[in-house]
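Here the structure comes first, spelled out in structure tokens, and everything after it is commentary.
Residue numbering restarts at 1 for every chain, and letters A, B, ... go by the order of the sequence lines. Since the structure is predicted, the reported quantities are computational estimates derived from the model, not experimental observations.
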Amino acid sequence: EFVQTALVNMYGVLGCTNGASKIFNRIPAKDLVAWNSMLAAYTSAGQMDKAQVSFDAMPSKDLYSYNVMISGYSGIGAIASAKSVFDGMKVRDVVSWNSIISAYIRAGDVVTARELFRVMQVAKNVVTWNSLISGCLQGGLYVEAIDLFDEMTATDCSPDHVTVASALSASAHLGSLEIGKKVHVYAVENGLASSPHVSSALIDMYAKCGCIERSLLVFYKSQPKDIYSWNAIISGLALHGCGYSAIKLFSQMRQVCINPDDITFIGLLSACSHSGLLQEGCKWFRSMQEDFRISPKLEHYGCLVDLLGRAGHLDLALQLINSMSFEPG
RNA sequence: UAGGUUCUAGUUUUGGU
């Protein structure tokens with residue numbers, strides 16, 4: 001029974017709801033956890049019709065069942081359905097509150113998320129705080145994100161690496177080296193500075209706050225360097241007009257077998273653009289498609305149009321725009 | 001001996017869209 005439930009979960013994680021339901025149907029005595037696992041498989045695949053049918057058919061439900069439904073509806077942007085599941089609960093735990101708060105955040109409604117955060121009757125945990133802080137970031141409310149970080153440090157719920165990465169991102173958007181440094185100090189003092197999320201956020205923060213030297217320092221010290229860190233330093237060098245350094249790091253990245261993604265090329269192309277490297281930019285734009293099989297997105301075209309325009313080739317820039325297979329955003 | 005299931009996250013072009 002435990003084994004079969006584990007299989008249902010495995011199929012669920014893989015997004016294979018057919019496999020999950022086959023296993024589920026073969027379980028002779030389905031307990032509540034098995035039902036919840038089947039529900040989770042449907043909700044994480046976004047199949048809310050099937051999830052709702054299972055939910056209604058369940059012989060009994062617990063907090064997990066309701067919470068899974070809230071996050072499922074949240075995931076497909078059905079905020080009204082998420083709310084009605086939440087409202088239908090007699091007892092709610094912190095995960096229920098976190099799920100409904102995230103639902104409003106995903107819907108872009110930070111106002112309601114903030115209200116729920118303030119009135120919730122169960123103790124907040126680190127996810128509650130992180131959810132609202134991340135909502136503020138998505139809504140461009142960077143000062144509020146930092147205020148929440150400060151408020152959180154005064155509670156008995158300590159920030160974790162997710163919180164710190166978010167606070168660093170807020171500092172970066174504000175361009176405030178002073179705030180960013182404070183968050184960095186907090187991270188070091190609390191043993192959170194070596195997480196990959198925090199490392200890349202530090203690299204980004206120092207670069208955006210005008211301090212490319214510190215950004216490079218963090219980059220070289222960080223271990224292991226994941227694609228987020230590589231992308232952050234390449235974009236950072238681009239921002240500072242260090243085109244050749246960006247290209248150099250790009251080739252180092254490939255030497256250590258990190259595969260560039262579409263974000264890497266936005267950084268690389270913008271580096272070429274900021275440094276006026278016309279030939280290089282065109283070369284990498286082609287290479288991106290031919291060697292890396294990455295089809296250009298709006299941002300890549302934007303970089304290249306900018307590059308061509310700055311070099312005085314407005315005719316070629318226009319030609320490129322006309323060659324796009326989709327309408328400019 | 002209470003176990004398998006639920007919530008948050010860092011990198012993104014165009015100097016002031």
In whole angstrom, what separates [X]'s [atom1] from [N]'s [atom2]?
X         : N       : atom1 : atom2 : value
His274(A) : rU12(B) : NE2   : C1'   : 13 Å
Leu148(A) : rU8(B)  : CG    : C1'   : 13 Å
Leu137(A) : rU11(B) : CG    : P     : 8 Å
Gln138(A) : rU8(B)  : CD    : C1'   : 10 Å
Tyr73(A)  : rU6(B)  : OH    : C1'   : 16 Å
Leu32(A)  : rG4(B)  : CG    : P     : 14 Å
Ile294(A) : rU13(B) : CD1   : P     : 16 Å
His173(A) : rU12(B) : NE2   : P     : 6 Å

Closest listed nucleotide, where the reference is the side chain of [X] and the choices are [options]:
X         : options                   : result
Ser134(A) : rC7(B), rU8(B), rG10(B)   : rU8(B)
Val33(A)  : rU8(B), rG4(B), rU13(B)   : rG4(B)
Ala165(A) : rG10(B), rU6(B), rU12(B)  : rG10(B)
Asp306(A) : rU6(B), rU14(B), rG10(B)  : rU14(B)
Asp226(A) : rG10(B), rU8(B), rU6(B)   : rG10(B)
Ser131(A) : rG10(B), rU8(B), rU6(B)   : rU8(B)
Tyr228(A) : rA9(B), rU14(B), rU11(B)  : rU11(B)
Ile266(A) : rU13(B), rA9(B), rU8(B)   : rU13(B)
Ala201(A) : rU14(B), rG10(B), rU12(B) : rG10(B)
Asn125(A) : rC7(B), rU6(B), rU12(B)   : rC7(B)

Practice prompt. Return the residues of residues 79-100 of chain A meeting this criterion: a heavy atom under 4.0 Å from some atom of RNA chain B. Order them by number, or give none.
Written response: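 Per residue number, the list reads Val95(A), Asn98(A), Ser99(A).
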Worksheet item: Should we say atom CZ of Arg118(A) is surrounded by more than 12 heavy atoms from elsewhere, each under 6.0 Å from it?
Response: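 Yes, CZ of Arg118(A) has more than 12 neighbouring heavy atoms, counting only those of other groups under 6.0 Å.
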Discussion item. Would you measure the distance from the C1' atom in rA9(B) across to the matching atom in rU13(B) and give it in whole Å?
Written reply: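 To the nearest whole Å, 24 Å.
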Worksheet entry | Whole-Å P distance, rU12(B) and rG16(B) |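 Straight-line distance between the two P atoms is 15 Å.
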Worksheet item: Side chains of Ser287(A) and Asp291(A): do they bring a donor and an acceptor to under 3.5 Å?
Response: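 Indeed, the side chains of Ser287(A) and Asp291(A) share at least one donor-acceptor pair under 3.5 Å.
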Practice prompt. Tell me yes or no: between the side chains of Asp62(A) and Ser65(A), is some donor less than 3.5 Å from an acceptor?
Written response: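 Result is yes, a qualifying pair exists.
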Fill in: Nearest-0.5 Å distance, OH of residue Tyr64(A) to CG of residue Leu32(A)
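Spacing of OH (Tyr64(A)) from CG (Leu32(A)) equals 10.5 Å.
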Worksheet item: Going from CG on Asp315(A) to CG on Leu308(A), what distance comes out if it is rounded to the nearest 0.5 angstrom?
Response: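 Those atoms lie 8.5 Å apart.
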How would you label the contact of [X] with the nucleic acid (heavy atoms, under 4.0 Å): base, sugar-phosphate, or nothing?
X         : value
Lys225(A) : nothing
Val162(A) : base
His161(A) : base
Thr5(A)   : base

Worksheet item: Would you say Ser273(A)'s side chain and Leu269(A)'s backbone share a donor-acceptor pair under 3.5 angstrom?
Response: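 No: the side chain of Ser273(A) does not pair with the backbone of Leu269(A).
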Does [X] put a side-chain nitrogen or oxygen below 4.0 Å from OP1 or OP2 of [N]?
X         : N       : result
Arg310(A) : rG15(B) : yes
Ser195(A) : rG10(B) : no
Lys208(A) : rU12(B) : yes

Fill in: Aro-ring/base stack His197(A)-rA9(B), d under 5.5 Å, angle under 30°
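Stacked: centres under 5.5 Å apart, planes under 30°.
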Discussion item. When you measure only distances, ignoring hydrogens and angles, does the side chain of Asn36(A) come within 3.5 Å of the base of rU5(B) through a donor and an acceptor?
Written reply: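 It does, because a donor-acceptor pair links the side chain of Asn36(A) to the base of rU5(B) below 3.5 Å.
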Worksheet item: Going by modelled atom types, is there a donor-acceptor pair between the base of rG4(B) and the side chain of Asp31(A) at under 3.5 Å?
Response: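 Answer is yes: a donor-acceptor pair is held.
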Worksheet item: Should the pair Trp97(A) and Phe86(A) be assigned to parallel (<30°), tilted (30 to 60°) or perpendicular (>60°) ring geometry?
Response: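 Plane angle over 60°, so perpendicular.
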Discussion item. I'd like to know whether Lys283(A) forms a salt bridge (Lys or Arg N to Asp or Glu O under 4.0 Å) with Glu280(A), so could you lay out the CA-CA distance, the side-chain angles of the two residues, the decisive distance to 0.1 Å, and finally the verdict.
Written reply: CA-CA 5 Å; Lys283(A) 182 183 99 181; Glu280(A) 290 278 356; 3.7 Å; yes
Per-pair distances, 0.1 Å, donor-acceptor, side chain in residues 177-194 of chain A, under 3.5 Å, sequence neighbours excluded:
residue: His184(A); atom: ND1; partner: Tyr206(A); partner atom: OH; Å: 2.7
residue: Asn190(A); atom: ND2; partner: Tyr186(A); partner atom: O; Å: 2.7

Worksheet item: Shortest non-hydrogen contact from Ile100(A) to Ile70(A)?
Response: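 Looks like N-CG2, 3.9 Å.
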Worksheet item: Based on Watson-Crick and G-U pairs with both distances under 3.5 Å, what dot-bracket line describes RNA chain B 5' to 3', crossing pairs as [ ] and inter-strand pairs as |?
Response: .................
Worksheet entry | From Phe265(A), Phe292(A), Tyr301(A), residue fulfilling ring-ring contact (aromatic ring centres under 6.0 Å, His included) relative to Phe285(A) |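 Looking at Phe265(A), Phe292(A), Tyr301(A), the match for Phe285(A) under the ring-ring contact (aromatic ring centres under 6.0 Å, His included) is Tyr301(A).
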Worksheet item: Trp230(A) and ring-ring contact (aromatic ring centres under 6.0 Å, His included): which partner among Phe219(A), Tyr220(A), Phe250(A)?
Response: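 Going through the options one by one, the only one that passes is Phe219(A).
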